[in-house]
Number of protein chains: 2
Amino acid sequence: MTKRLAIGDLARETGTKVNTIRFYEEIGLLPEALRTASGRRSYDAADLRRLAFVRHGRQLGFSIPEIRSLLALSDQPDRDCGAAAAIARAHLADIGIRIARLETLRSALTEVATSCEGGRAAECRVIEAIAGTELALQTD
Amino acid sequence: MTKRLAIGDLARETGTKVNTIRFYEEIGLLPEALRTASGRRSYDAADLRRLAFVRHGRQLGFSIPEIRSLLALSDQPDRDCGAAAAIARAHLADIGIRIARLETLRSALTEVATSCEGGRAAECRVIEAIAGTELALQTD
DNA sequence: ATACATCCTCCAGTCACTGGAGGATCAAGC
DNA sequence: GCTTGATCCTCCAGTGACTGGAGGATGTAT
């Protein structure tokens, strides 16, 4: 018989909160766990791998629907892998946009943050700067 | 009498959804709007400025509690402006962290996304890469 | 008179969890 | 055998910042 893990062990090994693991089960990212006689969830190495995959995907910024697709792909090894690459590429483009947006923001904020000479709020350039800011940020 | 604006006008002029304006009123970011005889909200130039301030603050990535502080500051022009600068600086530091994190992520994902040669999912390097990724991202 | 836009309130849903109440079970030490 | 404390269970509410829709009233243009 293989080694069995309690939900808390799984949580520790993957850096996931116990409640989050139950949540993943509820939304179907993880299969329904086997239960001990007293009703506690019991896991094995395959469950651990699957959860690790989910967590790594989340760290890489994939949404839960994206991870669902990726999991479906890895569950059916004969399907085309192009779909996985497409998800990754789309995600990469998205991250590029987010970085660019944050950098625009950083330069705007740098101006804002360095412009206060410390006086009454009436002359506060920070507040003025926010009031007058018109960022050209695309919403989509 | 000054020009009065309907909620839809305010929405158009600030690029805010009507529902969002009502939401800001509900949480107290905007004062309770004056009403017309038939109960419709009616705004003036000061309301427009306040909402613009809120939107710009949001675009700069300030949270609603932060904007609340900034608004309180600009409502009381005799208070110290150092607080405003502190909020801006804290925010700037945060953005720096977020950019750094996203860049770590981008290089990891670039590797992931370029490693698929288009075959069966069993050999898909994208999936492998996600399964094996261990990003050193600080959580706080 | 009619059509259509805009407004109102109220409420549910989004995303990805997080935290807590209230109670059962387990392992270890005495 | 008993107690203590950790861990587990289910269920439910809350987070942030909105977004969208139902169902109905009002405004405006033709």
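Please read all numbers here as calculations on a predicted model, not as lab measurements. Proteins get letters first, then strands, A, B, ... in listed order; numbering begins at 1 in each.
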> Are any of the side-chain nitrogens in R41(A) or E32(A) under 4.0 Å away from the carboxylate oxygens of its partner?
Replying inline: no
> Which is true for R22(B) with a 4.0 Å heavy-atom rule: it touches a base, it touches only sugar-phosphate, or it touches nothing?
Replying inline: base
> Taking the nucleotide of DNA chain D with the closest heavy atom to each, which residue, R40(B) or R40(A), is nearer the 5' end?
Replying inline: R40(A)
>> Under 4.0 Å, counting only non-hydrogen atoms across every strand here, what does I7(B) touch: a base, just sugar-phosphate, or nothing?
In response: sugar-phosphate
>> Just to be sure I understand the rule, does R68(A) reach a base, reach only the sugar-phosphate, or reach nothing, if contact means heavy atoms closer than 4.0 Å?
In response: nothing
> Starting at CD of E25(A) and ending at P of dA16(C), how long is that distance when rounded to a whole Å?
Replying inline: 19 Å
> So which nucleotide from dC7(C), dG27(D), dC8(D) ends up closest to the side chain of S38(B)?
Replying inline: dG27(D)
>> What is the separation between atom CD on E26(B) and atom P on dC18(D), rounded to the nearest whole Å?
In response: 13 Å
> Hey, which of these two, P65(B) or T36(B), hits DNA chain D nearer its 5' end, going by closest nucleotide?
Replying inline: P65(B)
> Which is it for L29(A) and R68(A) under the side-chain contact (heavy atoms from CB on, under 4.5 Å) test, yes or no, and what are the steps along the way?
Replying inline: CA-CA 7 Å; L29(A) 268 195; R68(A) 224 184 273 278; 4.1 Å; yes
>> Let's see if you can work this out: which of dT10(D), dC8(D), dT9(C) has an atom nearest to the side-chain heavy atoms of A6(A)?
In response: dC8(D)
> Is the phosphate of dA16(C), meaning OP1 or OP2, less than 4.0 Å from a side-chain N or O of R55(A)?
Replying inline: no
> When all nucleic acid strands are considered with a 4.0 Å heavy-atom cut-off, which category describes R41(B): base, sugar-phosphate, or nothing?
Replying inline: sugar-phosphate
> Which value, rounded to the nearest 0.5 Å, describes the distance between R55(A) atom CZ and I67(A) atom CD1?
Replying inline: 8.5 Å
>> I want to verify a distance call: between dT7(D), dC9(D), dT19(D), whose nearest atom is closest to the R12(A) side chain?
In response: dT7(D)
